[in-house]
Structure formats: C-alpha cells, structure tokens
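Below is one structure, written out as structure tokens; comments come after it.
FYI, the numbering just counts along the sequence from 1.
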Amino acid sequence: MRKDMPADTGQVVTDIIIAMCRQQPGHQFVFFFDGEVPARLTFPSNVTTVVLPPKGNKAWHLYWWLEWQLPRAMKPFRPDVYLGLDGMLPLRSKIPAVLLIRDLSFLKDAGLQPYRQQQFMKKHIARYLVRAQRIAVLSGTAADELQRLSPALESKVAQLETGVSRLYQPLEWEAREAAKKEFSGGVEYFLVTGSVHPRNNIIPVFKAFSALKKRQRTNLKLVIAGQAVTAGAEIQAALQSFKFRQDVVMLENLDEAALARLTGAAYAVIYPARFDGLPYPIYTAQRCKVPVIALEGVAAREAGGDTALYTDPANVDDLAEKMSLLYKDEQLRSRLLAMDSPVKTRDSWEQAAEGLWSVLVS
C-alpha cells in the first residue's frame with residue numbers, strides 16, 4: 001500500500017482494502033507497514049496502523065520480518081484472520097490466512113518489487129498458496145495462472161469484481177482541449193500509464209514513437225505517467241539521448257483526478273506491459289472512450305477483447321505500424337470505440353471490497 005499509486009498500479013489494492021474497512025465499522029483492522037505510512041493514505045476510524053521496519057533489505061531480512069518480527073508484533077492484537085498481500089504470509093503463524101493477489105508477474109521476474117524480493121517470493125509462493133485458506137484475485141488471468149501452478153487451488157480461488165473510479169469518463173471537447181493544454185502544450189498525445197520500469201517496456205515504446213515521428217512528420221507527443229523508479233535508471237538515461245526527447249512528457253505523482261483527465265484527453269493509450277495480471281489502464285481507457293494499443297498478452301486480451309489493437313512483443317516495427325495506423329485512420333478509431341468491453345466493470349471497487357470480506361469470513 002505504501003507504493004500503490006494511481007499511475008503505477010492503479011491504487012487498486014488500497015482502494016479495495018480501505019473500502020472494506022469502511023463497509024465493516026463493527027470490526028477492527030490492524031495494518032502492519034514495513035516503513036513510514038505515506039501522508040496520502042487516510043483510513044477509517046476502525047483502522048490501527050503499526051510501523052514495523054525491517055532490519056535491512058537482504059533476502060534474509062525479508063524472511064526475518066515476515067516470520068519473526070510480524071508474528072511477534074501481531075500477538076498483542078490477537079487477530080482472527082490475516083490478509084496477506086503480494087502472495088506472502090507468515091508460515092510460522094497459526095492465524096487463519098487469506099491472500100489477496102493482484103498479479104503473479106514476479107514469477108517471470110517482471111514484478112515491480114525489488115529483484116531480491118521477487119526471488120524470495122518465487123522460492124516460497126507454493127508454500128504460501130498451500131497455507132492460505134482462501135485466495136482472492138483480481139482477474140481471470142491470475143485465477144488461471146494459479147490453477148496452472150496447482151489444479152488443487154481451484155476451490156480456494158475467488159475472483160473479485162473489477163471496478164473503475166467514476167472519475168474516468170469521456171471528456172467533452174472543451175474539457176479535452178483544456179487537459180491537452182495542461183499536459184501536452186495543447187497537442188495530441190499517446191499515453192503510457194505505468195512506472196518507468198523495465199517490465200513496462202518503455203524503451204520499445206520510445207523506438208516505436210521515433211519511427212512514427214519519422215513517418216508522419218507530426219507534432220504528436222508521447223506522455224508517460226508514472227514514477228521514475230531506481231530499476232528504470234537506464235530508461236531515464238536513454239531518454240537523454242533520444243532524438244525526439246522534446247516530444248516526450250514525463251509526469252510523476254499524479255493524483256487520480258489528474259490521471260483521469262490525462263487519460264480522457266489522450267489520442268490513444270499504449271499498454272506495453274505483458275505480465276501484469278490486471279491491465280488497469282485498458283479499463284480506464286475504455287471508460288474514457290479512448291482507443292488502446294496493447295502488447296499481445298493474456299491479461300491484455302482478457303481486458304481489451306476486440307476494443308484494442310494488439311502488437312507483437314518482439315517486433316517494435318509492429319507497434320510503430322499500429323500507432324501510425326490508428327493515427328491515420330479515424331474510421332478504425334471509431335470501430336474500436338464502438339466495440340463492447342469483454343469485462344463488465346463496476347463504477348467503483350465497493351463490490352470487490354464486499355467480495356473480499358466474504359472471502360475473509362468464509
């Protein structure tokens with residue numbers, strides 16, 4: 001939750017958990033944080049926060065925090081159930097446990113977690129899944145992947161309903177022009193929503209955008225909304241020598257209202273992540289009536305269906321061609337926007353929160 005941001009992860013897990021706490025005023029919740037609680041996080045009155053810093057950032061420090069520090073800190077609260085995020089839970093604890101898993105990209109070394117943490121999670125995930133009484137997931141893709149890991153998990157897995165904030169909606173012409181002026185100097189732009197991290201394939205997007213600019217001779221811009229993380233240092237360095245760097249806009253720390261305006265004003269959204277179990281930018285683009293170009297992937301297909309164009313992950317030229325095609329062909333854009341989304345999304349995460357509570361108490 002400390003790193004769950006609107007542009008980077010959709011803030012989905014945070015929204016679900018806080019909604020669940022608000023829906024259950026007769027119950028008490030204790031949140032254990034492994035670092036300072038960000039000021040942007042506000043909780044209902046039935047939430048107690050505990051900061052429990054780890055001893056360091058090595059793999060054994062994570063093990064020590066999870067298996068020794070955390071159970072010891074939980075003991076005075078005598079919790080009835082433990083809810084684990086990121087697929088982890090304390091195996092030494094006897095407290096009944098439930099997992100909420102957003103995605104399993106760490107299994108392919110494509111998670112947003114630090115490398116050591118991803119290796120730790122890969123090593124122990126099978127034991128955590130066996131230990132958990134129930135497992136809540138946020139997409140059919142994640143549910144299917146769990147069943148491939150172990151068919152015996154099928155009876156444990158519950159898929160929560162997908163929600164999108166009401167802030168995401170189509171913009172009228174005046175609002176769209178105002179947003180373009182705010183974010184891109186008034187020109188059309190392709191939008192990538194996600195942290196500047198290798199797993200989001202930002203470098204191939206740069207290359208495809210460069211090819212588009214050379215073909216079309218346009219003032220079109222590329223906007224990237226997301227945090228510049230340490231793992232993306234090479235991407236930041238590559239941007240400095242990028243021929244069209246003046247046409248690339250990097251935006252950090254956007255709140256959800258600003259991100260919704262940014263999405264609604266985009267000419268198109270590019271979704272370049274392949275292994276994120278919940279392709280939230282596709283859902284928000286659909287709500288805003290903005291077309292999507294996505295790298296081919298199971299989760300992208302689940303969310304996008306016929307509403308998106310798909311490109312070969314190994315072929316930068318294919319991405320450039322799809323960007324150029326969508327830019328030139330207004331009829332294609334209209335056809336994509338006329339298609340129905342394969343996933344019916346709710347107007348908030350309230351239903352998902354209710355589903356998570358049902359999983360916790362079942």
Quiz item: With F183, which residues qualify under ring pair (Phe, Tyr, Trp, His ring centres under 6.0 Å), at least two apart?
Solution: none
Quiz item: Parallel under 30°, tilted from 30 to 60°, perpendicular over 60°: which one fits the rings of F120 and H124?
Solution: tilted
Quiz prompt | salt_bridge(R346, E161) N-O dist < 4.0 Å | solution = yes
Quiz item: Quick one: does I235's side chain get under 4.5 Å of L239's, heavy atoms only?
Solution: no
Self-check item: Heavy-atom closest contact (L99 atom, M88 atom, distance)
Solution: CD2-O, 3.4 Å
Practice problem: Please check if any side-chain donor atom of S324 sits under 3.5 Å from a side-chain acceptor atom of Q216, or the reverse. | Solution: yes
Self-check item: E256 side chain vs L167 backbone, donor-acceptor pair below 3.5 Å
Solution: no
Self-check item: Those residues that, when tested against E154, pass side-chain contact (heavy atoms from CB on, under 4.5 Å) (two or more places apart)
Solution: Q147
Quiz item: Do T141 and D103 pass the side chain to side chain contact (heavy atoms under 4.5 Å, CB included) test, and can you show the C-alpha distance, the side-chain angles, and the key distance before you say yes or no?
Solution: CA-CA 9 Å; T141 299; D103 74 277; over 6 Å; no
Self-check item: Distance in Å, R287 CZ paired with I282 CD1, rounded so as to fall on 0.5 Å steps
Solution: 15.0 Å
Self-check item: Within 6.0 angstrom of R40 CZ, more than 12 heavy atoms from elsewhere
Solution: yes
Exercise. Give a yes or no on whether D80 atom CG has more than 12 heavy-atom contacts from other residues, nucleotides or ligands under 6.0 Å away.
Key: no
Quiz item: So does K207 have more than 12 non-hydrogen atoms from other groups sitting under 6.0 Å from NZ?
Solution: no
Practice problem: Please lay out, stage by stage, how S139 and Q159 fare under the test side chain to side chain donor-acceptor pair (under 3.5 Å). | Solution: CA-CA 6 Å; S139 67; Q159 182 178 338; over 6 Å; no
Quiz item: Sequence neighbours excluded, which residues qualify as ring pair (Phe, Tyr, Trp, His ring centres under 6.0 Å) partners of W60?
Solution: none
Quiz item: Under the 6.0 Å and 45° cation-pi test, does R301 pair with Y310?
Solution: yes
Quiz prompt | Pair R166, S348: side-chain N/O donor-acceptor within cut-off below 3.5 Å | solution = no
Exercise. Taking all heavy atoms of L149 and all of L129, pick out the closest pair and write down the distance.
Key: CD1-CD1, 4.0 Å
Quiz item: Can you tell me if N219 and E188 form a side-chain donor-acceptor pair at under 3.5 Å?
Solution: no
Practice problem: Assess whether side chain to side chain contact (heavy atoms under 4.5 Å, CB included) is satisfied between L112 and S195, documenting all intermediate values. | Solution: CA-CA 9 Å; L112 290 173; S195 57; 3.4 Å; yes
Quiz prompt | Within 6.0 angstrom of E234 CD, more than 12 heavy atoms from elsewhere | solution = no
Quiz item: Where do Y189 and R261 come nearest, in terms of heavy atoms and distance?
Solution: OH-O, 4.4 Å
Quiz item: NZ of K213 to CG of L222: how many Å apart, nearest 0.5 Å?
Solution: 9.5 Å
Quiz prompt | Distance-only side-chain donor-acceptor flag, T162 / Y283, under 3.5 Å | solution = no
Quiz item: Under the side chain to side chain donor-acceptor pair (under 3.5 Å) criterion, do S362 and R134 qualify, and how do the steps go?
Solution: CA-CA 9 Å; S362 62; R134 297 290 304 279; 2.7 Å; yes
Quiz item: More than 12 non-hydrogen atoms from neighbouring residues, nucleotides or ligands closer than 6.0 Å to NZ on K108, yes or no?
Solution: yes
Quiz item: Just by distance, do the side chain of N201 and the backbone of P204 share a donor-acceptor pair under 3.5 Å?
Solution: no
Practice problem: Using a cut-off of 6.0 Å, state whether more than 12 heavy atoms not belonging to D347 lie near its atom CG. | Solution: yes
Quiz item: Does the K156 side chain pair with the main chain of A132, one donor and one acceptor, at a distance under 3.5 Å?
Solution: yes
Practice problem: Work out which heavy atom in L259 is nearest to a heavy atom in A225; give both atom names and the distance. | Solution: CD1-CB, 4.1 Å
Self-check item: Stepwise side chain to side chain donor-acceptor pair (under 3.5 Å) check, Q119 with D109
Solution: CA-CA 8 Å; Q119 297 307 302; D109 295 327; 2.8 Å; yes
Quiz item: Any side-chain heavy-atom pair from W65 and K55 closer than 4.5 angstrom?
Solution: no
Quiz item: Which class fits the ring pair F29 and W357: parallel under 30°, tilted 30 to 60°, perpendicular over 60°?
Solution: perpendicular
Quiz item: Would you call T307 and L336 a side-chain contact if the rule is heavy atoms closer than 4.5 Å?
Solution: no
Exercise. Taking all non-hydrogen atoms of both residues into account, name the closest pair between Y82 and I95 and its distance.
Key: N-CG2, 3.7 Å
Quiz item: Does NZ or CZ of R333 fall inside the cone over Y267's six-membered ring, less than 6.0 Å from its centre and within 45° of the axis?
Solution: yes
Quiz item: Can you tell if the side chain of T9 reaches within under 4.5 Å of the side chain of T14, non-hydrogen atoms only?
Solution: no
Practice problem: Ignoring hydrogens and angles, tell me if any N or O in the side chain of E67 forms a donor-acceptor pair with the backbone of L91 under 3.5 Å. | Solution: yes
Quiz item: After noting the C-alpha distance and the side-chain angles of Q23 and E350, does the key distance pass the side chain to side chain donor-acceptor pair (under 3.5 Å) rule?
Solution: CA-CA 9 Å; Q23 291 170 0; E350 295 291 326; 2.7 Å; yes
Quiz prompt | Contact check, side chains of L104 and L107, non-hydrogen atoms, under 4.5 Å | solution = yes
Self-check item: Check: S150 side chain, L146 main-chain N or O, donor-acceptor pair, under 3.5 Å
Solution: no
Quiz prompt | Step-by-step side chain to side chain contact (heavy atoms under 4.5 Å, CB included) determination, L41 to F33 | solution = CA-CA 12 Å; L41 291 178; F33 287 88; 4.1 Å; yes
Quiz item: If we ignore angles and hydrogens, is there a donor and acceptor under 3.5 Å between the side chains of E296 and T311?
Solution: no
Quiz item: If we only count heavy atoms from C-beta on, is the F275 to R199 side-chain gap below 4.5 Å?
Solution: no
Self-check item: Any donor-acceptor pair under 3.5 Å from N315 side chain to D318 backbone
Solution: yes
Exercise. With the side chain counted from C-beta on, respond yes when I270 and F209 share a heavy-atom pair under 4.5 Å apart, and no when they do not.
Key: no
Self-check item: Worked check of side chain to side chain contact (heavy atoms under 4.5 Å, CB included) between F31 and C21
Solution: CA-CA 11 Å; F31 291 5; C21 296; 3.6 Å; yes
Exercise. Indicate the atoms forming the closest heavy-atom contact of Y168 with A260, along with that distance.
Key: CE2-CA, 3.5 Å
Quiz item: Hey, is the main chain of Q331 close enough, under 3.5 Å, to the side chain of D329 for a donor-acceptor pair?
Solution: yes
